[in-house]
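As structure tokens, the structure follows; a few thoughts come after it.
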Amino acid sequence: MNIKRNKNKMFDTSLHLLKQIEDHGFSAYIVGGFVRDLELKIPSTDVDITTNATPKDIRDIFQENCLSHSEYGSSRVVFQGISFEITTFRSEGNYQNYRRPENYSYIDSLEEDLKRRDFRMNTLCMTSKGEVIDLLGARKDIQNRMIYTVGDSYQKFSQDVLRILRAIRFATVLNFRLSEDVKEAILLNKYLLKNLSYDRKKSELDKIFTSKNVTYGVKLLLELGLDEALEIPNLKNIQHFGDILGTWALLDNQKYPFTKNEKEMIRKIQEALTMDIRDPFTLYHYGPYVMMVVADIKKIPKKEITKLYNRLPIKSIHDIALDGHDIMKLLNIQEGPLIKNILNNLEYKILYSELKNNKQDLQKYVVKHFQA
Ligand code: ATP
Ligand code: MG
């Protein structure tokens, strides 16, 4: 119910925003994903607006609510609490670096603006009255669940190689098919993917790998040889796509960007994959998240692993009934590496049920084995 209310709020607010731009003498439309997703009756959170107002006009209209505007003709505006991307109608000159046009010119024609876009299904527009405008045949593609480029496929992918990954991502997330033209053009241009930043590649791949329809997306990636072009040759060996870091651990590629924490988790998952995860020390050492990811990959029931984990007598070194200070007092020794060694020894003995985790038993054990 909330989703519906939010969607309606977003829809109503978007139309008000268009009206506001029109009241200043410009034309403006919702374009792309939002209208496409409305047609498909699926929720969409991101609204893109296209207009003949320039970024400067947009700034004049929305003033401090215009958060940014770029030389590429896009502005970010917050209107009635919702954030919108507003882009000025433009035509694009030659492309450079297989990603960005060398120059833009602002134009006055919606149809010309739609022609610079990637896929026909992404050219559906909506007016401030809520009427759908379909100048390039988007509706037919959406109804047939097909992806065609706007104009020549070879040219579209060679101009901007990111579009290859957008095509696969949309096909996956929306469960659409790629037209033969699109497939052929991808095969001819995929070698250009080496020019695209790993950041960009990763953000599209993440959307594919976390989609409910991932199996289909991966089938497309493999069918088109994109595993090689994206330097993820292990893709063909992955049987099951669960946790995203689990997937990257299996892909085992050092080139894609991760935060320090993510890198650490990926390393732990890779390590734990080589171990017996029913072993108490492994469960304790790697913790529940890594264990769940590995259980999922190894097809071990998660319930069984949760049960084993919950049964561990200690979950961290701080759970040991004796701490470093207790040991120093007990043995009358100073701080030093011996304390850590003793704690590690206790950890091990407790986990393998060779010692009970109560103060008295632990004290006895420490005195017996470590008293000088
Ligand atoms: P979603 O927001 O659901 O991911 P979208 O279609 O709205 O999908 P955006 O990335 O928000 O995609 O872009 C908005 C619109 O801008 C697209 O629908 C498309 O018309 C156009 N567009 C975006 N990226 C490109 C590109 N690389 N080349 C050409 N047109 C593009
Ligand atoms: Mg969008």
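Ligands are counted one by one from 1 in listed order, and the atoms in each one are counted from 1 as well.
Considering just the N/O/S atoms of Asp48, the one nearest the Mg ion (ligand 2) carries the name OD2. For Asp46, the N/O/S atom at the shortest distance from the Mg ion (ligand 2) is named OD2.
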I'd like the atom pairs linking ligand 1 to the protein - N or O on both sides, separation under 3.5 Å - with distances to 0.1 Å.
| unit_1 | atom_1 | unit_2 | atom_2 | d |
| --- | --- | --- | --- | --- |
| ligand 1 | 2 (O) | Asp46 | OD2 | 2.8 |
| ligand 1 | 3 (O) | Arg36 | NH2 | 3.1 |
| ligand 1 | 4 (O) | Arg169 | NH1 | 2.8 |
| ligand 1 | 6 (O) | Gly33 | N | 3.3 |
| ligand 1 | 6 (O) | Arg36 | NH1 | 3.0 |
| ligand 1 | 6 (O) | Asn122 | OD1 | 3.4 |
| ligand 1 | 7 (O) | Gly33 | N | 3.0 |
| ligand 1 | 7 (O) | Asp48 | OD2 | 3.0 |
| ligand 1 | 10 (O) | Arg166 | NH1 | 2.9 |
| ligand 1 | 11 (O) | Asp46 | OD2 | 3.2 |
| ligand 1 | 11 (O) | Asp48 | OD2 | 3.1 |
| ligand 1 | 12 (O) | Arg166 | NH2 | 3.2 |
| ligand 1 | 16 (O) | Arg117 | NH1 | 3.1 |
| ligand 1 | 20 (O) | Arg117 | NH1 | 3.1 |
| ligand 1 | 20 (O) | Asn122 | O | 3.2 |
| ligand 1 | 24 (N) | Arg166 | NH2 | 3.3 |
| ligand 1 | 27 (N) | Asp160 | OD2 | 2.9 |
| ligand 1 | 28 (N) | Arg163 | NE | 2.8 |
| ligand 1 | 28 (N) | Arg163 | NH2 | 3.1 |
| ligand 1 | 30 (N) | Asp118 | N | 3.1 |

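By the 4.0 Å N-to-carboxylate-O rule, Glu304 lies too far from Lys307 to be salt-bridged with it. Salt-bridge annotation for Lys356 and Asp361: absent, with no side-chain N of the basic residue lying under 4.0 Å from a carboxylate O of the acidic one. The pair Asp160-Lys156 does not count as a salt bridge, with every side-chain nitrogen at least 4.0 angstrom from each carboxylate oxygen. We find that Asp37 and Lys41 are not joined by a salt bridge, their nearest charged nitrogen and carboxylate oxygen being 4.0 Å or further apart. Between Lys359 and Asp326, at least one side-chain N (NZ, or NE/NH1/NH2) sits under 4.0 Å from a carboxylate O, which counts as a salt bridge.
Residue Arg177 places its CZ atom among 12 or fewer non-hydrogen atoms of other residues, nucleotides or ligands, all under 6.0 Å distant. The number of heavy-atom neighbours closer than 6.0 Å to NZ of Lys236, taken from other residues, nucleotides and ligands shown, is above 12.
Residue Glu85 does not count as close to the Mg ion (ligand 2), with no N, O or S atom under 2.8 Å.
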